[in-house]
Amino acid sequence: MANTEGRQLSPAQTADRAGTAVRSRLRQWLTDPIAAQTDSVSIGLHPPTERLVAVDPDAARAWVRLWQNYTGPGVVDWEPRRWPSFGTQDVPVRLRLTGVEEICRSAGAGARWQRLRTRRDALAALAAPEDFPAVVAKNVKRWESLSDTDFTRLLATASWLLAHPESGLLIRQLPIEGVDTKWLAAHRGLVDSLVLGATGSTGLGIRTLPSFYEIALLDDAILPGMPRVFAATIDSLAALPVAPSRVVILENREGVHALPPIADTIALHGGGNAVTSMAHFGWLADADVVYWGDLDTHGFVILDRLRRRLPHVRSLLMDPATFHRWTHLAIPEPAPATEAPTILTATEQQALADVRAASLRLEQERIPWPYVLDRLTAAGLAPT
C-alpha cells in the first residue's frame, strides 16, 4: 500500500481528483443522464498521523480548520482518531461527491457540464433510437468545441437532413440558414455520424458535384474535332471511344498542358490517388501506360497503388539520377507518407530511399523542360 503520510489533501487539491472522474466518466454521463445523477466519487483526504501531528501541530490544526470551513459541493466524512499523546480527535477522512453536478462543480467544471447537458439534450432530441444518446456522447469532443452559432447550424442541418432523407439536392441548394458548401465540408464527419446513428443508413441523401479530371489528346487524330485539352468525370473518361497506343498519367495537371504533341498518345491528370480509379479504364489495358509523379514519398506510394491494378505501368523521371541531378530545385517534404510500397522496381526503390533520406520533394513541374523532353524521347515518347 502506498505511503500517504504527509499527503493531506486540501479542498483545492480534491478538484484534481474530481477532474479525473470527469475526464474518465464524461461519455458515460452523457449517454445515461439518469445514472449520472446517482454516480459518486469518494476522495480520501489522508489525515495526518499522530507522528505528523507531533512534528507540526500548527499545520495539522490549520488543515483541519480548512475542512471545518469547507462550503463546497459534497459531504465531508469525519472520524475519531485516538492518539495517546493528544487524546481523541475528530479529523476529516474523505469527501463524498454524489451526482454529476456535484462532481463537476468540485472539479471546477460546473458551467461546462451545464453547457454540455443542454447541448446533449438538444442533440438527443433529434432521433428516437435507444442507442442514439451513445452516438451523441461519442462525438462530444466535436460538438463541444463548436461555437454557439455553429452548434445552431449543426442542429438545423441534422434536423433538416433527417426530415428529408432523400432530397437529392446539392449542398448549395440546402435551404438551411448559414449552411454552405464550406461549412458542411468542415463538419461533414460529425453530421454523417449523427445521421448514421439516427437512421442506421450511410449517406445524407444529398448530391455532391463530381470531380473532373483533365485529359490531353497529344495526337488530335485520336478523337477528331475534340479540344486538345478538356475535363471530364471518371465515368466519362472511362467511356471514351479511344484506343491509344500510349497513355501518360501525371500526378499534377500542369504537365498535362505542357506536354508536346506525341503520336497516338493521351495524357491524363491523375489527381493523386484518383489514378487507382483510372486503372479500370478499359482502354488502358492494351496501352503502354507511363506514370510520372513527384519525386517524393507520396509519388512512389501512388505509383505502387497504380501498379497493383495495372502491373504493366512504368514510371517516368522517378529515378535516382533525376533526383540527384535536380536536388537543388527540391523543397522539404513536410509530411512524408507512412505507407511502404512493395512492388517498385529496384531503381524506383533506390530513388524512394534517397528521397526519404533527404526528406525532400522534387515536384515534377520543377524539372527543367529540356531534360524532360530528352527523357520522354528515351522512354519512347518522342515529340512529333
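Values reported hereafter were calculated over all heavy atoms of this structure, with side chains retained and with hydrogens, waters and symmetry mates removed.
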Open item on the list: Quick check against the 3.5 Å criterion: does E214 have a side-chain atom that pairs as donor or acceptor with the backbone of F230?
Closed with: no
- [ ] Search all heavy atoms of L174 against all heavy atoms of I206 and return the closest pair with its distance.
- [x] CD2-CG2, 3.9 Å
Task: Hydrophobic cluster identity match, I43 and V91, side-chain contacts under 4.5 Å - done: no
Task: N/O donor-acceptor pair under 3.5 Å between H298 side chain and A335 backbone - done: yes
Open item on the list: Within the supplied structure, the quantity of interest is the number of heavy atoms (other residues, nucleotides, ligands) at a distance under 6.0 Å from D286 CG; does it exceed 12?
Closed with: no
- [ ] Could you tell me whether the side chain of D319 and the main chain of A321 form a donor-acceptor pair under 3.5 Å?
- [x] yes
Open item on the list: Are the side chains of T377 and P383 in contact, using a 4.5 Å heavy-atom criterion?
Closed with: yes
- [ ] List the atom of I222, the atom of P244, and the distance in Å for their closest heavy-atom pair.
- [x] CD1-CB, 4.3 Å
- [ ] Give a yes or no on this: more than 12 heavy atoms of other residues, nucleotides or ligands lie within 6.0 Å of atom CD of Q173.
- [x] yes
TODO: Decide, yes or no, whether a salt bridge links E79 with R94 under the criterion of side-chain N to carboxylate O below 4.0 Å.
DONE: yes
Task: Cluster overlap L381 with V242, hydrophobic side-chain contacts below 4.5 Å - done: yes
TODO: Output yes when R246 and D288 qualify as a salt bridge under the 4.0 Å nitrogen-oxygen rule, no when they do not.
DONE: no
Task: Q28 side chain to R25 backbone, donor-acceptor under 3.5 Å - done: no
- [ ] Compare every heavy atom of A18 with every heavy atom of I103, then report the nearest pair and how far apart it is.
- [x] O-CB, 3.7 Å
- [ ] Look at the side chain of T265 and the backbone N and O of P261, then say whether any donor-acceptor pair between them is shorter than 3.5 Å.
- [x] no
TODO: Please report the closest heavy-atom contact between P133 and T31, naming both atoms and the distance.
DONE: CB-O, 3.7 Å
Open item on the list: Taking D131 first and then K138, would you say they form a salt bridge - that is, a charged N and a carboxylate O separated by under 4.0 Å?
Closed with: no
Task: I171 and D180, any side-chain heavy atoms less than 4.5 Å apart - done: no
TODO: Please lay out, stage by stage, how T297 and R356 fare under the test side-chain contact (heavy atoms from CB on, under 4.5 Å).
DONE: CA-CA 7 Å; T297 58; R356 283 195 185 279; 3.7 Å; yes
TODO: Answer yes if V140 and V135 sit in the same cluster of Ile, Leu, Val, Met, Phe, Trp and Tyr residues linked by side chain heavy atoms under 4.5 Å apart, and no otherwise.
DONE: yes
Open item on the list: Between the side chains of D304 and R307, is the shortest nitrogen-to-carboxylate-oxygen separation below 4.0 Å, so that they form an ion pair?
Closed with: no
Open item on the list: Starting from I343, can I reach V355 by hopping between I/L/V/M/F/W/Y residues whose side chains sit under 4.5 Å apart?
Closed with: no
Task: Nearest-0.5 Å distance, CH2 of residue W292 to CG of residue L250 - done: 6.0 Å
Task: Pairwise side-chain contact, L154 with L194, heavy-atom cut-off 4.5 Å (strictly under) - done: yes
Open item on the list: Keeping E102 on the side-chain end and G99 on the backbone end, is there a donor-acceptor pair under 3.5 Å?
Closed with: no
- [ ] Give the ring-plane orientation class for W67 versus Y70, where under 30° counts as parallel, over 60° as perpendicular and anything between as tilted.
- [x] tilted
Task: Within one Ile-Leu-Val-Met-Phe-Trp-Tyr cluster: L329 and Y371, side-chain cutoff 4.5 Å - done: yes
Open item on the list: Any side-chain to backbone donor/acceptor pair from W283 onto L237? Under 3.5 Å, distance only.
Closed with: yes
Open item on the list: Nearest 0.5 Å, please: how far is CG in L373 from CG in L259?
Closed with: 9.0 Å
Open item on the list: Does D220, at its CG atom, have more than 12 non-hydrogen atoms belonging to other residues, nucleotides or ligands within less than 6.0 Å?
Closed with: no
TODO: Kindly give the heavy-atom pair with the smallest separation between L317 and L295, and that separation in Å.
DONE: O-CD1, 3.5 Å
TODO: Drop me the distance from L190's CG to L184's CG, to the nearest 0.5 angstrom.
DONE: 10.5 Å
Task: Distance (rounded to the nearest 0.5 Å) between T233 OG1 and F212 CZ - done: 6.0 Å
Task: Distance, nearest 0.5 Å, that separates OG1 of T118 from CG of L123 - done: 11.0 Å
Open item on the list: For the backbone of G205 and the side chain of S167, can you confirm whether one donor and one acceptor N or O come within less than 3.5 Å of each other?
Closed with: yes
Open item on the list: Could you walk me through whether Y291 and E251 satisfy the side-chain contact (heavy atoms from CB on, under 4.5 Å) test, starting with their C-alpha distance in whole Å, then the side-chain angles of each, then the deciding distance to 0.1 Å, before giving a yes or no?
Closed with: CA-CA 8 Å; Y291 180 71; E251 184 174 347; 3.4 Å; yes
Open item on the list: Measuring only between side-chain heavy atoms, which start at C-beta, is V301 closer than 4.5 Å to R305?
Closed with: yes
- [ ] Please examine the side chains of L116 and W29, heavy atoms only from C-beta on, and report whether any two atoms are closer than 4.5 Å.
- [x] no
Task: Minimum-distance pair of heavy atoms, taken over all atoms of D77 and R96 - done: OD2-NE, 2.7 Å
Open item on the list: Any carboxylate oxygen within less than 4.0 angstrom of a Lys/Arg side-chain nitrogen, looking at R112 and E144?
Closed with: yes
Task: R308, CZ atom: more than 12 neighbouring heavy atoms under 6.0 Å - done: yes
- [ ] List the steps and the verdict of side-chain contact (heavy atoms from CB on, under 4.5 Å) for L26 and L30.
- [x] CA-CA 6 Å; L26 185 61; L30 290 169; 4.1 Å; yes
- [ ] Could you check if a side-chain atom of W326 sits within less than 4.5 angstrom of a side-chain atom of R366, using non-hydrogen atoms only?
- [x] no
Open item on the list: I'd like to check H187 versus L146 (side-chain heavy atoms, cut-off strictly below 4.5 Å). Are they in contact?
Closed with: yes
Open item on the list: Between R17 and T14, is there a side-chain donor-acceptor contact under 3.5 Å, judged purely by atom types and distance?
Closed with: no
Task: Charged N-O contact under 4.0 Å between D148 and R119 - done: yes
Task: Test: R361 and D294 ion pair at under 4.0 Å - done: no
TODO: Quick one: pull up CD1 in I302 and CG in D296 and give me the separation to the nearest 0.5 Å.
DONE: 7.5 Å
- [ ] Consider only side-chain N and O atoms of Q114 and R117, and report whether a donor and an acceptor are under 3.5 Å apart.
- [x] yes
Task: Check: H280 side chain, R309 main-chain N or O, donor-acceptor pair, under 3.5 Å - done: no
Open item on the list: Any side-chain to backbone donor/acceptor pair from T322 onto P320? Under 3.5 Å, distance only.
Closed with: no
Task: E365 and N252 side chains, donor-acceptor separation under 3.5 Å - done: yes
TODO: Please examine the side chains of V93 and L45, heavy atoms only from C-beta on, and report whether any two atoms are closer than 4.5 Å.
DONE: no
TODO: Just do the side-chain contact (heavy atoms from CB on, under 4.5 Å) check on W143 and R120 with the steps written out, would you?
DONE: CA-CA 9 Å; W143 52 259; R120 185 273 318 279; 4.1 Å; yes
